[in-house]
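We count ligands from 1, going down the list as the structure has it; atoms in each ligand are counted the same way.
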Amino acid sequence: MSGPNDSYDPKEVAALSDDALSGAVDAGAAAFAAAADLDALAEAHTAHLGARSPIALARRELGALPPQARADAGRRVNEALAALTAAYDERHVALERDRDERVLIEETVDVTLPWDRAPAGGRHPLTLIQERVADVFIAMGWEVAEGPEVEAAWFNFDALNIPPAHPARETQDTLWLDPPEAGVLLRTQTSPVQIRALLERGAPCYIAVPGRVYRQEALDATHSAVFHQLEGLAVDEGLTMGDLRGTLDALARAMFGPEARTRLRPDHYPFTEPSADVDLECWVCHGTSTEPGAEPCRTCRSEGWVEWGGSGMVHPVVLASAGIDPQRYTGFAFGMGLERTLMSRHDMSDIRDLVEGDVRVTAAMGREA
Ligand code: DAH
């Protein structure tokens with residue numbers, strides 16, 4: 001039986017020699033430092049700290065050593081292991097930090113970028129037509145005027161030569177505000193702004209008034225309780241129906257193109273004398289559908305003209321209500337429905353498409369009202 005092998009020197013076991021251990025530490029530290037990313041570092045970990053790495057093999061040798069020798073060798077192996085682990089940990093922390101910084105940049109979400117699944121929509125065609133009309137009149141040197149939608153009956157009716165018993169008060173299906181005897185209503189037309197403008201500005205006066213009006217109507221394909229009108233008023237010395245005609249033609253051409261033509265047809269309005277309805281020459285058949293044997297025209301029902309609005313020379317009583325001397329001044333006025341204008345021009349048959357604000361309608365029509 002042999003005695004304990006006191007002279008056994010673990011440094012002579014190849015795997016446990018100082019050279020081998022420091023070589024393993026140097027090789028591992030170099031491999032960790034050279035790892036360019038976490039995947040490469042994981043491979044280096046397997047090679048230098050894994051189950052079959054030199055340091056693991058060295059640890060396994062410890063078990064075969066006699067106890068005294070094992071203590072010294074164990075200390076050196078543990079030091080080498082700690083050095084390797086520290087080198088690995090340091091690199092791991094650095095590579096994780098690099099990755100986190102890169103991910104923050106690469107995966108940044110720019111919340112201000114346009115999102116192509118959000119429909120762009122369009123401005124409402126009624127807004128656009130009101131702006132266009134305003135531009136046309138401003139270019140002619142007129143002003144754009146506005147008035148309240150909640151209006152006094154005196155402005156909406158009396159001053160416009162529509163006295164209390166006048167049938168126009170019923171035909172316009174007025175929406176009265178409570179209490180009815182207060183005489184406050186939702187304006188049924190933009191004509192009251194004629195009176196307000198004359199009272200404020202005096203003569204001469206050239207104003208265009210695009211605005212919203214209200215009538216007691218059930219919503220159907222051709223009626224809406226809320227709609228829009230364009231009112232025009234010119235008061236000056238020496239104005240005639242020729243000026244009215246010229247203004248309407250200029251408006252028609254500016255809105256519908258150089259070929260647009262208008263026609264005046266006698267009618268009656270309490271606030272104008274004489275009064276005339278304004279027709280637009282049919283922009284589809286240009287009147288050809290009225291000739292014998294011609295193709296019928298859907299747009300004008302083969303009449304050659306489409307009704308556009310009302311007009312006339314301002315009634316002297318109206319001028320007087322607004323404090324203007326009818327001996328010195330004359331004036332002309334006109335009013336047309338803007339929904340009607342849009343519907344005719346775009347061949348629309350249902351006013352609800354303009355009222356409901358469906359983005360498919362506004363996006364399609366919104367750019368070329
Ligand atoms: N205010 C009229 C209506 O709502 C339209 C109108 C007709 C306006 C003749 C006018 C005009 O200025 O002269 O039916």
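Contact annotation for E273 and ligand 1: no heavy atom of the residue comes within less than 4.0 Å of the ligand. Residue contacts with ligand 1 for F271 involve side-chain atoms from C-beta outward but no N, CA, C or O (heavy atoms, distance under 4.0 Å).
Side chains of D277 and Y269: a donor on one and an acceptor on the other come within 3.5 Å. For the residue pair D279 and T262, no side-chain donor N or O sits within less than 3.5 Å of a side-chain acceptor on the partner. One side chain, D110 or T112, offers a donor N or O that lies under 3.5 Å from an acceptor on the other. Side chain to side chain, D267 and S275 fail the donor-acceptor criterion of an N or O pair below 3.5 Å.
Near A333, the atoms of ligand 1 lying under 4.0 angstrom from a non-hydrogen atom of the residue are 12 (O), 13 (O). In the vicinity of Q194, heavy-atom distances shorter than 4.0 Å reach the ligand 1 atoms 12 (O). Applying the 4.0 Å criterion to heavy atoms of Q189 picks out, from ligand 1, the atoms 1 (N), 2 (C), 3 (C), 4 (O). Proximity to T272 (heavy-atom distance under 4.0 Å) selects the following atoms of ligand 1: 13 (O). Of all atoms in ligand 1, listed by their number and element, those nearer than 4.0 Å to a heavy atom of Q229 are 3 (C), 4 (O).
Note: no N/O pair closer than 3.5 Å links Y269 and ligand 1 by distance alone. Considering both main-chain and side-chain atoms, T188 never comes within under 3.5 Å of ligand 1 through any nitrogen or oxygen pair. Checking only distances, G232 never comes within under 3.5 Å of ligand 1, N or O to N or O.
In this structure, the side-chain contact (heavy atoms from CB on, under 4.5 Å) partners of P163, at least two apart in sequence or on a different chain, are H166.
Screening residues 77-105 for side-chain hydrogen bond (donor to acceptor under 3.5 Å, both in side chains) gives R75-E79 as the qualifying pairs, with residues at least two apart or on separate chains.
The heavy atom nearest to atom 9 (C) of ligand 1, considering only G310, G312, S191, A276, is found in G310.
Under the 4.0 Å criterion applied to side-chain N and carboxylate O atoms, E143 and R201 are assigned as salt-bridge partners.
The shell of residues lying under 4.0 angstrom from ligand 1, judged by heavy atoms, excludes R187. Within the 4.0 Å heavy-atom shell around ligand 1 one does not find M336.
The distance between the ring centers of F334 and W308 does not fall below 6.0 angstrom.
A donor-acceptor distance shorter than 3.5 angstrom exists from the side chain of S224 to the backbone of V226, with no hydrogens or angles considered.
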